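What follows is one structure encoded as structure tokens, with my remarks underneath.
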There are 2 protein chains.
Amino acid sequence: MANIRDIAKLTGYSVTTISRVINNHPYVDEKKRQKVLKVIDELNYTPNRTAQNLSYGKTHNLAVILPFVNHPFYSQLLNGILEAAFSRQYKVSLLPTNYDTKLEHQYLEDFAAKSFDGLIVTTRSNHLDDFIPYFQYGPIIFCEETPDGKAPYAAIDLKGSLSESLTYLKEQGIQRLGLTLGRSKRISRNSKLTIQLSREYFPEFDEKNIFWDCCIGEDGVKAAAFFEERGVDGIIAIGDEISAVLLQHWTSSKKPLIIGREDLLISEIMGFSTINHHLKDCGQAAFQLFYENSQEQIKIPYEFIPR
Amino acid sequence: MANIRDIAKLTGYSVTTISRVINNHPYVDEKKRQKVLKVIDELNYTPNRTAQNLSYGKTHNLAVILPFVNHPFYSQLLNGILEAAFSRQYKVSLLPTNYDTKLEHQYLEDFAAKSFDGLIVTTRSNHLDDFIPYFQYGPIIFCEETPDGKAPYAAIDLKGSLSESLTYLKEQGIQRLGLTLGRSKRISRNSKLTIQLSREYFPEFDEKNIFWDCCIGEDGVKAAAFFEERGVDGIIAIGDEISAVLLQHWTSSKKPLIIGREDLLISEIMGFSTINHHLKDCGQAAFQLFYENSQEQIKIPYEFIPR
DNA sequence: GCTTGCTATGAAACGAGTTTCATAGTTTAA
DNA sequence: TTAAACTATGAAACTCGTTTCATAGCAAGC
């Protein structure tokens, strides 16, 4: 495979001149430029991107840390990031953690090795403080709220959407509220917020009405039995698929009022309320923060869809 | 940011020795090794990945060309690729084309610039022949069948699954078969195959019973009206979401027998037949072909799920 | 007529690593 | 005892681009 020195030799000009032609610098004699282009074409030469990156000290590569891809939440978010990134000529690498803190740490080391110009962390597995030493290597943007202005983020407005959901359930006369939440070990900030708000809007809310470790659709089967047993009549679920399975497996006649969180097609078909968190916008905003090396903290407006 | 020559100066050893320590080469005096490691730690030094890549002539980067990510087909496939890639220390870049042939071509030029060690093409937008000149830059693996042994692939067994679907519909006494297919402009090979097989199994199959340009869930609304109008009683749809919407909007009492293609949760909930094409396996196989630089052509076994 | 300023060019340094090769001291084997 | 083999080390070349700097021809300005 030819390199720039081959082109220089074949044309009889210097490497500098070839570089100038490649980069459309002025100050190259038109005849020489033409000859260089001709030889480049003949030899089918393409400048080596890695060498260029080394020179520039930039990779034009952005990495996205996420637990996994095959979940609507992440694929929608990713979609927004990709769209924004490619419109700015950035390539996007995926770094799936599966919530493995060691793996995530390894990715941070990759970042320190200048593999990427920036990092978008959709969901982090390590503590925020573990990220701080890596801020020196380039912008790190989060897609979750960070406590007190420590790091830039573009996040969904979970507090807003939950408040509206709870208000709605109250207006609809719900008596006994139930929640499905994720991991019961290492409870997420989002779970804590959900519980806290539930208590605010439903002072009589009983924490025994929380169905924990509800992660994939199938978990809805057990959740249905659980909530029926406990006489729950209104549920805020962690996802639309779970909501769907839950409703499907509800045996007694009176179905509960359920609110999903993803605005998937299934929520429309089964007719339950949901929230569109505008994840694509969130992804685009996250990229923009990276691109502008901004320290801003942005909450994306959501849309509550009552049904 | 420190580089290898800084470490060399500070320790008083040569750059070569530092490099040997970094790469765990033998032939380094244990005391010196310890001192080097100490200085590396003090300076918080990490070898620059781009420089290493330039030296090695490899990037340990794999790219995946795909139309978009937020579709179950691609996110499942991607999931398999990612899992396999990360177990082999490869990073994965996403190259979304949105079916834009020019953009895809640009990605091929990136490949020629040695941005990536290999390319997995899930769905191509350009003609296969346009890819051939790029084979010289590294393995290009397809996730679609290629005509006559021209290129390696790991693809779903569409012919098998369609045949089984058609057999099933015949056994169930279907009289008038309908199809939903994708783009009517630039008809895909898959669409052609679907039509061809439909004719084989249903000699009386009428091409007027094809609902074209059926791409997203919502298209199912129109599809339902279309098929009802034409008195269709069995449908092979291009996806599960479309199947769901179609069934949902079917107004007359007797619902058609419908077969989806993705084994999404919704197919179980609504109780229609579907096919699990084992896309994750497909993605893993594709990576393996890249990794072994194999020319093999693999079809992934599918599972037909009658309901 | 002399100083600027612009066009045009290339040698060499730079980015940050790896690898080859030469050298030399020690062991080991015959 | 001597040749071969192994350990240990570093200078310099190499990967492949970009950029700086020096040089020089030529035209415009005063």
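Since we're looking at a predicted model, the values are computed, not measured. Order of the sequence lines sets the chain letters (A, B, ...), proteins ahead of strands, with each chain counted from 1.
A side-chain donor-acceptor contact under 3.5 Å links Asn126(B) and Glu104(B). The closest side-chain donor-acceptor pair between Gln284(B) and Gln288(B), if any, does not fall under 3.5 angstrom. No hydrogens or angles considered: a donor-acceptor pair under 3.5 Å links the side chains of Thr123(A) and Tyr74(A).
Not one side-chain nitrogen or oxygen of Asn48(B) sits closer than 4.0 Å to the OP1 or OP2 atom of dA16(C). Between Ser55(B) and the phosphate of dT15(D), there is no side-chain N or O to OP1/OP2 separation shorter than 4.0 Å. Using a 4.0 Å cut-off, no side-chain N or O of Tyr56(B) falls inside it from OP1 or OP2 of dG17(C). Note on Tyr45(A): a side-chain N or O is less than 4.0 Å away from OP1 or OP2 of dG17(D). When the side-chain nitrogen and oxygen atoms of Ser14(A) are compared with OP1 and OP2 of dA11(C), none of them lie within a distance under 4.0 Å. Taking 4.0 angstrom as the limit, Thr17(B) places none of its side-chain polar atoms (N or O) nearer than this to OP1 or OP2 of dT9(D).
Rounded to an integer number of Å, the gap from NZ of Lys58(B) to C1' of dC14(D) is 19 Å. Distance CD1 (Ile22(A)) to P (dC16(D)): 13 Å, rounded to an integer number of Å. Rounded to an integer number of Å, the gap from NZ of Lys114(B) to C1' of dC16(D) is 12 Å. In this structure, Leu54(A) places its CG atom 12 Å from P of dT19(D), rounding to the nearest Å. Atom pair His60(B):NE2 and dT18(C):P shows a separation of 13 Å (rounding to whole Å applied). For the pair Gln52(B) CD and dT19(C) C1', the interatomic distance rounds to 14 Å; values are reported in whole Å. When the C1' atom of dT18(D) is taken as reference, atom CZ of Arg5(A) falls 10 Å away, rounded to whole Å. Between the CG atom of Asn23(B) and the P atom of dT18(C) there is a distance of 4 Å, given to the nearest Å.
Classification of the His71(B)-Phe73(B) ring pair by plane angle, with boundaries at 30° and 60°, yields perpendicular. Ring geometry, Tyr90(B) versus Tyr291(B): the interplanar angle exceeds 60°, so the pair is classed perpendicular (tilted spans 30 to 60°).
Of all nucleotides listed (dC16(D), dT19(D), dG10(C)), dT19(D) comes nearest to the side chain of Ser19(A).
Under a cutoff of 6.0 Å and an axis angle of 45°, Arg33(A) and Tyr13(A) do not form a cation-pi pair. Taking the ring axis of Phe290(A) as reference, the NZ or CZ atom of Arg88(A) does not stay both within 45° of it and closer than 6.0 Å to the ring centre.
Taking 4.0 Å as the cut-off between side-chain N and carboxylate O, Glu83(A) and Lys280(A) count as a salt-bridged pair.
In this structure Lys35(A) satisfies the salt bridge (Lys or Arg N to Asp or Glu O under 4.0 Å) test with no other residue, sequence neighbours excluded.
Between the axis at the start and the axis at the end of the helix from dG1(C)-dC30(D) to dA30(C)-dT1(D) there is an angle of 40°, using five pairs per end and rounding to 10 degrees.
Using a 4.0 Å heavy-atom criterion, one finds that Thr16(B) contacts the bases of the nucleic acid, with or without backbone contacts as well. Within the 4.0 angstrom heavy-atom criterion, no nucleotide atom of any strand lies near Arg49(A). Among the heavy atoms of the strands, none lies under 4.0 Å from Asn53(A).
Contacts between residues 25-34 of chain B and DNA chain D, defined by a heavy-atom separation below 4.0 Å, involve Tyr27(B), Val28(B), Asp29(B), Lys32(B), listed by number.
Along DNA chain C, the nucleotide closest to Arg20(B) and the one closest to Pro47(B) are compared, and the more 5′ of them pairs with Pro47(B).
Among Leu66(B), Ile120(B), Ile141(B), the single residue meeting the side-chain contact (heavy atoms from CB on, under 4.5 Å) criterion with Ile81(B) is Ile120(B).
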